[in-house]
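Below, chain A is the first sequence line, B the second, and so on; all start at residue 1.
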Amino acid sequence: MSGADGLLLDIRDLTVELRSPGGLIQPVDKVTFSLDRGKTLAVVGESGSGKSMLCRAILGLVPSRGSIVFNGHEAGRLSAGVMNRIRGRDIGVVLQNPLSSLNPVMTIARQIMEPMRCHLKLSKRESREKTLNLLGAVGIPQPHERMACYPHQLSGGMRQRVAIAIALACDPQLLIADEPTTALDVTVQAEILGLLSRLQRERNMALILVSHDLGVVAGVADDIAVMYAGRIVELGPTGALFARMRMRYTRALFDAIPRIDEPLQRRLPDIPGQPPDFSALPVGCRFAPRCASAGEICHREYPPLTADNADRHLFACWFPCAGTEVGR
Amino acid sequence: MADLGRKPGITFYLACGWLALVVLCALCAGVLPLHFTLDQIDSDHLAAGPGGAHLLGTDAMGRDLLVRLLFGSRVSLIVGSCAPLLGLVVGLLLGMPAAWCRGWSERLIMTATDVILAFPALIFLLVFTAILGPKLITITLGLGLLLSPRFIRVVRANTARFREREFILAARIGGAGEVSILLKEVLPNIMGPLLAYTLVVTGYVIVVEGGLAFLGLSVPSPAPSWGGMIAAGRDVLEEAPHVVIFPMATMFLTVLAVNLLGDRLRGRYERS
Amino acid sequence: MSGNGQKYLLQVENLIVEFPSAQGGRVHAVSGVSFDIKAGETLGLVGESGCGKSSLARAIMQIPPPNSGRVLLDGVELTSRHNRELREVRGSFQMVFQDPLAALNPVKTVGESVELPLRATGLDKKIDVRKVAYEAFAGVGLAPEQYFDRKPAQLSGGQCQRVCIARALISRPKLLLCDEPVSSLDVSVQAQIINLLHDLKQLRGLSLLFISHDLAVVKNISDRVAVMYLGRLCEVAPCTGFFLAPAHPYSSALIAAVPRPDPRQPGGISSLLGSELPSTITPPSGCRFRTRCPHAQPLCAEVQPELLEISPDHLVACHFPLHEEGRC
């Protein structure tokens, strides 16, 4: 991702190691990517692919190895306290279930004002004014009246809007949204995604959008990273990736989406089996046991993450898809 | 997941060991090779210190402390285990239907528990022992009845959490009757937290029994109980503190051990 | 009763579900819903969250019975039955829930959960319950030797949903109600479960009431579609006609809101549904959709539109249904 001055987040060989009953596991394994200001990166994968753990590592919530350079500051070089202050102010987070991420006994206004007063040292009046603006910006009707509401008085979509307002309270440069629409209706999903991408454009903010559904991120992401069993298996610009899905897992993930523009009663091409257990990873390509095109080498050696040409579309597959157009 | 398998610490094993020892002593007090009988008065050694023929010494009347401590543990253990169990059974019998049926039966049961909770416990026990006489069964029954409103509340709260759960609906759809749902689906889910609560109450009851014995409301002398021994020892507290210290230490350690177990059990269920 | 020679398996007549709200007043969850399902047919029920889909499903399952209206299964009325009589026929209509983990008793093995319907009806004295349960496990694609004695927490979401389907099918029901059975699952697992339902439908001649907020999923599995809004049905139509030419403005908006997995035409944005669902305690007079409908006229506020046939089998409740050319 180009432009050195536009670079906001640069991650190299990020590895998270955790102790589990099955021994040491690495739910994030040598992940490398970078993200420019004002761009959206979608991280896609099944549950248990390590995508949420990646977010936690970026937020500094779990210990990790490798380098995370955020806004020119390298995480390892600064003291933990300073880094936490930077993260608290400059990175906003939206989680999957707004009901459990919001405090049930605090009005939404207080929950939005709290980070402003803590990190930006705003006065009560200033933060109140800003909260009103924010609630309007995230599309909450009659923000004046809604400020005194408690989370349970709002619908699911409205709660997620409040959660986004909280994440935006300190004008972050990076917003991490972990499955922000999964708990919502299809109709509301589209609105929340539209809202996120509008806010991101208006504020020139970078966005990491985590989802299990390639279809959901298609319309909003600039780049897509597909994760499987802790590793990035395909990474590229959305247009190029959708035009030619190379890694077979990406393609399978895409084919499994039921589509409204498909004929009725079609049998969906599902992916047999489930992602491997981190404590018992297969040798070679981690997707090989579920892959119909796996050859002998796939069970022996891990395929490197490379590009065909000099372009930015990387994939890790010994026998990549021929590259036919995806449009069916 | 990983937390659940956390290994218990040394205190846990010490607590288990102590309780096992106390229970064993209570069970075998009759067959242990003791040099003295329960009521045997050794008038040569009144309030004698530990050591010599009397391992833990004697009380003011010259009775062997060790023997009395061993036999006295039976009272504490019987009251400490039976009264909470009685409370638990009453709690299950009334608390589960109260949570399940709602409506007038719930209101009736809950009002009754509120009334009992508001009634002064000591006066209730005084009247109760006055009518039935100060016997082991009286004190157990009385404490069990006094505890049952608390158990009813805990059972009801725990049961109510499951009323709208989907696996309960699934069992109902599967054709299970309400009684069978309560017994086979709900009960196994609430038993863990309830047992933890019962253990905590056990520790409390042992202390309460000691207090009642002190007031003369427990088993009448000369039958031994830890509380009774402490009460009898206060007359010679200055010359022979060991007469009070030994039963007090035993009771203290037992209650502590029970509470440690209860805490660990409670922690386990709260985490899961 | 049986129009054009086909037998109705399920008939729902004028079902009403109301309950007191926590904030006071009464929630009108289902207000006079009628529809039917033929033997072997799949009806997809679509609507936003809060529209009364789940209340309708539970009323049909008699957990608890509806406030008024009739539910007939195979011509036999369920609504007037006493508890004991109802339990005897429970086996012929079963249900699968949205959250598979919540629908399984956490302290019992999944095998015990699957056996429950047989034991509850006293069949354990006549047949080898364990053997039948093993067959049920194999029937949903789970190896019984491997999974029978596990606790729900030791299985993945998709596996738990398979267990729930096995439990629902063990009493050989004729009707299976699926309340959002795939909404809490990953895309890849969702495809597995939908395909499994496809197979079971064909194998056993099952009738399905498939409830979902995702029109793409509904399109994939249903023969007919029913759209529900705020406790009432807006449109009931065969799948082919419905997706080609929806007649109710709400149906058309729902279809437009479905995101397409294609960066060139993501779709998914619908100006129509931007506003919030009105309250179910004080629903709008007349047509309940009028507050969000772009075509609303004064008549819509006064007269409640009836569900009328506009073409064979295509029913619409709208004073001004969209004409062929006006539909999207």
Between [Y] and [X], is there a side-chain heavy-atom distance shorter than 4.5 Å?
X        : Y        : value
A:Phe242 : C:Asp262 : no
C:Asn220 : A:Leu268 : yes
C:Ser188 : A:Gln274 : no
C:Pro261 : A:Arg259 : yes

Inset, instruction - Taking side chain to side chain donor-acceptor pair (under 3.5 Å) as the test, write out the residues that go with C:Ser183, two or more places apart. - result: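 Scan of C:Ser183 (side chain to side chain donor-acceptor pair (under 3.5 Å), adjacent residues dropped) gives C:Glu180.
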Legend entry - Whether A:His212 side chain and C:Val187 backbone form a donor-acceptor pair below 3.5 Å: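 Flag set: sc A:His212 to bb C:Val187 pair under 3.5 Å.
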Inset, instruction - For the pair C:Gln192 (side chain) and A:Ile271 (backbone), establish whether a donor and an acceptor sit closer than 3.5 Å, ignoring hydrogens and angles. - result: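 Present.
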What's the shortest heavy-atom distance between [X] and [Y], and which atoms?
X        : Y        : value
C:Ala191 : A:Ala256 : CB-O, 3.6 Å
A:Pro258 : C:Ala216 : O-CB, 3.4 Å
A:Arg267 : C:Asp199 : NH1-OD1, 2.7 Å

At what distance, to the nearest 0.5 angstrom, does [atom1] of [X] lie from [atom2] of [Y]?
X        : Y        : atom1 : atom2 : value
A:Glu46  : C:Asp186 : CD    : CG    : 6.0 Å
A:Asp185 : C:Cys51  : CG    : SG    : 8.5 Å
C:Leu185 : A:Thr182 : CG    : OG1   : 11.5 Å

Legend entry - Proximal component of C:Ile221, with respect to chain A [non-hydrogen, under 4.5 Å]: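 Only the backbone of C:Ile221 comes within 4.5 Å of chain A.
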Legend entry - Residue C:Thr240 versus chain A: region with a heavy atom under 4.5 Å: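 Interface part for C:Thr240: both.
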Inset, instruction - Please look at A:Leu184 and chain C and tell me whether the side chain, the backbone, both or neither of the residue comes under 4.5 angstrom of a heavy atom of that chain. - result: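 Backbone of A:Leu184 only, per the 4.5 Å heavy-atom cut-off to chain C.
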Legend entry - NZ/A:Lys39: more than 12 non-hydrogen atoms of other groups inside 6.0 Å: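 It does not: A:Lys39 NZ has 12 such atoms or fewer within range.
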